[in-house]
**Q** 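Pasting a structure below so you can have a look.
Residue numbering restarts at 1 for every chain, and letters A, B, ... go by the order of the sequence lines.
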Number of protein chains: 2
Amino acid sequence: MQISPLLENLIESLRALPGVGPKSAQRMAYHLLQRNRNGGLHLSKALHEAMTHIGHCRSCRTFTEEDECNICQNYRRQMSGQLCVVEMPSDIPAIEQTGQFSGRYFVLMGRLSPLDGIGPREIGLDLLQQRLENESFHEVIVATNPTIEGEATANYIAEICAMYNVKVTRIAHGIPIGSDLEMVDGTTLSHSFSGRREIKL
Amino acid sequence: MQISPLLENLIESLRALPGVGPKSAQRMAYHLLQRNRNGGLHLSKALHEAMTHIGHCRSCRTFTEEDECNICQNYRRQMSGQLCVVEMPSDIPAIEQTGQFSGRYFVLMGRLSPLDGIGPREIGLDLLQQRLENESFHEVIVATNPTIEGEATANYIAEICAMYNVKVTRIAHGIPIGSDLEMVDGTTLSHSFSGRREIKL
Ligand SMILES: [Zn+2]
Ligand SMILES: [Zn+2]
């Protein structure tokens, strides 16, 4: 059967969401039409605004619709002298929830992966270097994921920090290997922060 | 921490989708921003079009952006002389998938619920009566959900059909009591169609 083309299109488009298969997409579409058209309209507007207006912070590269994000603009964040390097913007809320860190962030938007053509410049390490030069950090905490590429990226960052005489630490491996940082529970992530160790070259 | 207001708003708005809690809403928002902005924009447009342009078929009351839906417009569907009455538009794709029914539908958009002020007119029974008068059906299959209200609605429809001398059947109870028609697997639903029985007043 061919149901309404607009409805078919909505069901198809909902599959852009992670973890949404054909069955749940259908359920979502009917639910909105039957019970929550206002919610559907709000979502439509929120999506459009987010997709078109959210760019990257000029200091830390995380998502923001401003020139500089809220965290970078926060003066108290600067006082700690700590910089936490993560792979993706979605890692930041996970770390914030542990309450263990009150410094600034730097978001790589990926990790080193030479085979995919992702080198130091692609993950913004030139900008990171600039920040090490211009701001006064006493510690860089590398919180890349515990994968082979994440480790290689951590080592590369440690080498850069050595050039600027800044102490580098790596969050402890309490995190199950192969899983994503943002999916880890708060306690594990909290432990991995307190158990961080210096990267020795 | 206050992340970007547009991002917060997107996460909040995603919770309009059924089964989406704060954690998955966050995951969805970051996923779209990080990996699929085009998908997010398509979804925004599809939502807006569906929420604003999809109305109800003038014959069967299901969702359509046309005056009359595809099924009602299909001449062959008329030939079967069967009319299947369901509670919600989302019940139609579930029934279509069984391949057991090739007649027309009538969608109540609810069920009788006097305590909530939902009487015969609110579920379109005046329009159903009109159709029984003007079209030639030899069987009305009542496929309301096997709940107390669904059964009461079925009996009410049976009384109307009796007035027009049209045979009424009820789909068999193979469906687990208390669950929703649209969530039932195809085999069970298929059995409930073939095992339907006449409603005796
Ligand atoms: Zn920033
Ligand atoms: Zn119709």
**Q** When rounded to the nearest 0.5 angstrom, what distance separates CD1 in A:I92 from OH in B:Y30?
**A** 7.0 Å

**Q** For the interface with chain A, which of B:E66, B:R15, B:H42, B:R27 has the highest count of heavy-atom pairs at distances below 4.5 Å?
**A** B:R27

**Q** So which residue, A:G40, A:C57, A:G19, A:G39, ends up with the most heavy-atom pairs under 4.5 Å with chain B?
**A** A:G40

**Q** Return the option, out of A:L32, A:I11, A:V20, A:L14, with the maximum number of heavy-atom pairs under 4.5 Å with chain B.
**A** A:L32

**Q** Checking A:S4 side chain against B:T64 main chain: does a donor-acceptor pair fall under 3.5 Å?
**A** no

**Q** Output the option from A:M88, A:K45, A:K23, A:M109 having the highest count of non-hydrogen pairs under 4.5 Å with chain B.
**A** A:M88

**Q** Among all residues two or more places apart in sequence or in another chain, which pass the ring pair (Phe, Tyr, Trp, His ring centres under 6.0 Å) test with A:F137?
**A** none

**Q** Taking the side chain as everything from C-beta on, heavy atoms only, tell me whether B:S44 gets closer than 4.5 Å to A:M51.
**A** no

**Q** Among B:C69, B:A50, B:A46, who wins on heavy-atom pairs under 4.5 Å with chain A?
**A** B:A46

**Q** Counting heavy-atom pairs under 4.5 Å to chain B, which of A:L17, A:T62, A:N9 comes out on top?
**A** A:L17

**Q** Under a 4.5 Å cutoff for heavy-atom pairs, which residue among B:T52, B:N74, B:L41, B:N36 has the most contacts with chain A?
**A** B:L41

**Q** Below 4.5 Å, heavy-atom pairs only: which of B:E49, B:E65, B:H53, B:E12 has the largest tally toward chain A?
**A** B:E65

**Q** Verify the distance criterion only: is there a donor paired with an acceptor across the side chains of A:S90 and B:Q26 at less than 3.5 Å?
**A** no

**Q** Can you find a heavy atom in the side chain of A:I54 that is under 4.5 Å from one in the side chain of B:L7?
**A** yes

**Q** Sequence neighbours excluded, which residues qualify as salt bridge (Lys or Arg N to Asp or Glu O under 4.0 Å) partners of B:R76?
**A** none

**Q** Using a cut-off of under 4.5 Å on heavy-atom pairs, state which of A:Q97, A:H48, A:R35, A:Q34 scores highest against chain B.
**A** A:Q34

